[in-house]
Q: 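Before we start, here is the structure in question, set down as structure tokens.
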Amino acid sequence: MTEGKPLFRIGMLGLGHMGSPMAEHLLASPLVSVVNITGRSRTKLKELEKIGGVWRETPKDLALDSDIIISVLPDLPELEALLKGTDGILAGTRHPIVIVICSTSSPQGVRELSEKLTTMTHGKITIMDAPLSGGTEGAKEGTLSIMMGGDRSLYDRISLIMEACGTPLYMGKLGTGQITKACNQMIVASTITALSEASIIAERAGIKLEQLFRALAGGYAGSHLLESRKRRLIQKDYHVSGAAKFLLKDLTFAEDESHRHHVYTPQLNTLRTIFGDIAKNEMGEKDMSVVQNWIESQSSQSK
């Protein structure tokens, strides 16, 4: 490490609610020499340009000037679409590049993509999985939990960069970051469902939700999720922070792993049914706390 000189050239893909604040934190990191950005609309990324982000016209251009590409795209298909073609990442892969996949994706899908890219690029592209937990609030505050899987020596290097966005944790071989996130989402889904059920029972019994949540926060039921979602549950505000449809996707990945390892998961099966029904009823675009609204609607029907 050369004292006083930045070390890494970063390329960012997926500059939405999570990716944009992450890019801001990376721009402030003393270990980063450049943050390359690209997307469908340059206008939407003007604020990042104003604080030092360098616009690249295509994924190919971004790859040509990046050592590490951080993908905060929704899932693997969106990343794979940017790999292909004359303007794709593969066309700009003329030196070793690490792609850090921050989407919540299929663990097996990540492993298969890694094998394919290793073969296609003769080892020039290496993948690490690094799904995120903490939502848009964590991205803005730089307090994300970053669950990383892949080569350990690579983690030791990449984690220095990811520390700008939160707390990176090494989980093991490639794909284990995704498995950790799937386990995380099982707990998130069960907790928001339990909070929603409890809020409706308490409210119908004449208890003010402010008082309910104050009491819960002081005991074993207290949690970061309770703290972050209590206002939404009190106000019935389902404006999106973490969309319910993404929880359904994540639960599907957890289900796949449970089958792979022959684990009986009665709670996971119930959660899949609940969030599947939420998606069918066109509530999936709303915040995960919309499960409260779904439970209330089901309760009304059962009277």
Q: Has F246 got more than 12 heavy atoms of other residues, nucleotides or ligands less than 6.0 Å from its CZ?
A: no

Q: Quick check on side-chain contact (heavy atoms from CB on, under 4.5 Å): which of L117, T121, L83 does I89 satisfy it with?
A: L83

Q: Is it true that a side-chain atom of H25 and a backbone atom of K140 form a donor plus acceptor pair closer than 3.5 Å?
A: yes

Q: Hydrophobic clusters here meaning ILVMFWY residues chained together by side-chain heavy-atom distances under 4.5 Å, can you tell me if I51 and L45 are in one?
A: yes

Q: Yes or no on side-chain hydrogen bond (donor to acceptor under 3.5 Å, both in side chains) for H261 and E257, after CA distance, side-chain angles and deciding distance?
A: CA-CA 6 Å; H261 300 290; E257 284 300 310; 3.2 Å; yes

Q: Hey, is the main chain of V240 close enough, under 3.5 Å, to the side chain of H17 for a donor-acceptor pair?
A: no

Q: Whether E203 and K236 form a salt bridge (side-chain N of Lys/Arg under 4.0 Å from carboxylate O of Asp/Glu) is what I want to check.
A: yes

Q: Can D87 and K60 be said to form a salt bridge (Lys or Arg N to Asp or Glu O under 4.0 Å), step by step?
A: CA-CA 5 Å; D87 289 328; K60 173 186 175 180; 5.7 Å; no

Q: At what distance, to the nearest 0.5 angstrom, does OG of S228 lie from CE of M288?
A: 7.5 Å

Q: Go through it in stages, so that I can follow the logic: the residues are E296 and W294, the test is side-chain hydrogen bond (donor to acceptor under 3.5 Å, both in side chains), and I'd like the CA-CA distance, side-chain angles, deciding distance and then a yes or no.
A: CA-CA 5 Å; E296 200 151 34; W294 178 83; over 6 Å; no

Q: Once rounded to the nearest 0.5 Å, what's the spacing between atom CD of Q108 and atom CD1 of I179?
A: 9.5 Å

Q: For a quick check under 3.5 Å, do T104 and K181 share a side-chain donor-acceptor pair by atom type?
A: yes

Q: With a 4.5 Å cut-off on side-chain heavy-atom distances among I, L, V, M, F, W and Y, is there a chain of contacts connecting V188 to Y238?
A: yes

Q: Are S258 and L268 packed together at the side-chain level, in the sense that at least one heavy-atom pair is separated by less than 4.5 angstrom?
A: yes

Q: Under 3.5 Å, is there a donor-acceptor pair between the side chain of N269 and the main chain of T265?
A: yes

Q: Test of understanding: with side-chain hydrogen bond (donor to acceptor under 3.5 Å, both in side chains), list the residues that count as partners of E137, not counting sequence neighbours.
A: S241

Q: Mind running side-chain contact (heavy atoms from CB on, under 4.5 Å) on V35 and V54 for me, showing each step along the way?
A: CA-CA 6 Å; V35 174; V54 178; over 6 Å; no

Q: For residues L132 and L160: do they belong to one hydrophobic cluster (side chain heavy atoms under 4.5 Å, members Ile, Leu, Val, Met, Phe, Trp, Tyr)?
A: yes

Q: May I ask you to decide if M283's main-chain N or O and N281's side chain share a donor-acceptor pair within less than 3.5 Å?
A: no

Q: Find out whether E227 and K230 are in side-chain contact, i.e. whether some heavy atom of one side chain is under 4.5 Å from a heavy atom of the other.
A: yes

Q: Using a 3.5 Å distance criterion without hydrogens, assess whether the side chain of T167 forms a donor-acceptor pair with backbone atoms of E163.
A: no

Q: Assess whether a salt bridge exists between E80 and K116, defined as any Lys/Arg side-chain N lying under 4.0 Å from an Asp/Glu carboxylate O.
A: yes

Q: Would you mind reporting whether R94 and L64 have side-chain heavy atoms less than 4.5 Å apart?
A: yes

Q: Kindly compute the distance separating CE (M12) from CD1 (I70), expressed to the nearest 0.5 Å.
A: 5.5 Å

Q: Under the side-chain contact (heavy atoms from CB on, under 4.5 Å) rule, what do V34 and F8 come out as? Steps first, then yes or no, please.
A: CA-CA 7 Å; V34 63; F8 300 101; over 6 Å; no

Q: Is the side chain of D67 donor-acceptor paired with the backbone N or O of I97 at a distance under 3.5 Å, no angle test?
A: no

Q: Do the non-hydrogen side-chain atoms of L154 and R157 ever get within less than 4.5 Å of each other?
A: yes

Q: Answer yes or no: is there an ion pair linking D129 with R111, defined by an N-O contact shorter than 4.0 Å?
A: no

Q: With no hydrogens and no angle check, is any side-chain donor or acceptor of Y155 less than 3.5 Å from a backbone partner on M128?
A: no

Q: Using the rule given for side-chain contact (heavy atoms from CB on, under 4.5 Å), can you reason through C165 versus I146, listing the C-alpha separation, both sets of side-chain angles and the distance that settles it, and then say yes or no?
A: CA-CA 8 Å; C165 303; I146 307 168; 4.2 Å; yes

Q: Does L233 offer a backbone N or O that forms a donor-acceptor pair with the side chain of Q292 under 3.5 Å?
A: yes

Q: Is L169 reachable from I101 through a run of hydrophobic residues whose side-chain heavy atoms are each under 4.5 Å from the next?
A: no

Q: Thinking salt bridges, do R260 and D256 make one under a 4.0 Å N-O criterion?
A: no

Q: Using a distance-only test with no angle check, is there a side-chain donor-acceptor pair under 3.5 angstrom linking T58 and D61?
A: yes

Q: Assigning hydrophobic clusters by single linkage (Ile, Leu, Val, Met, Phe, Trp, Tyr; side-chain heavy-atom cutoff under 4.5 Å), is F253 placed with F275?
A: no

Q: Check the pair K50 / E47 against side-chain contact (heavy atoms from CB on, under 4.5 Å), numbers first and verdict last.
A: CA-CA 5 Å; K50 287 178 183 176; E47 291 304 311; 3.1 Å; yes

Q: Kindly check if the number of other-residue, nucleotide or ligand heavy atoms within 6.0 Å of CZ (R152) is above 12?
A: yes

Q: Is any side-chain heavy atom of M186 closer than 4.5 Å to a side-chain heavy atom of R272?
A: no

Q: Can you tell me how far the NZ atom of K173 sits from the CG atom of D151, to the nearest 0.5 Å?
A: 13.5 Å

Q: Look only at the side chain of D237 and the backbone of H239, and say whether a donor-acceptor pair between them is shorter than 3.5 Å.
A: yes

Q: Quick one: pull up CG in L247 and CG in D287 and give me the separation to the nearest 0.5 Å.
A: 9.0 Å

Q: Quick one: does D75's side chain get under 4.5 Å of S105's, heavy atoms only?
A: yes

Q: Quick check: does any side chain N or O of T193 sit under 3.5 Å from a backbone N or O of A189, one acting as donor and the other as acceptor?
A: yes

Q: Once rounded to the nearest 0.5 Å, what's the spacing between atom NE2 of H224 and atom OG1 of T143?
A: 6.5 Å

Q: Let me check something: any side-chain donor-acceptor pairs from residues 212-223 under 3.5 Å, sequence neighbours excluded? List them with distances.
A:
from: R214; atom 1: NH1; to: Q211; atom 2: OE1; distance (Å): 2.8
from: S223; atom 1: OG; to: L225; atom 2: N; distance (Å): 3.4
from: S223; atom 1: OG; to: L226; atom 2: N; distance (Å): 3.0

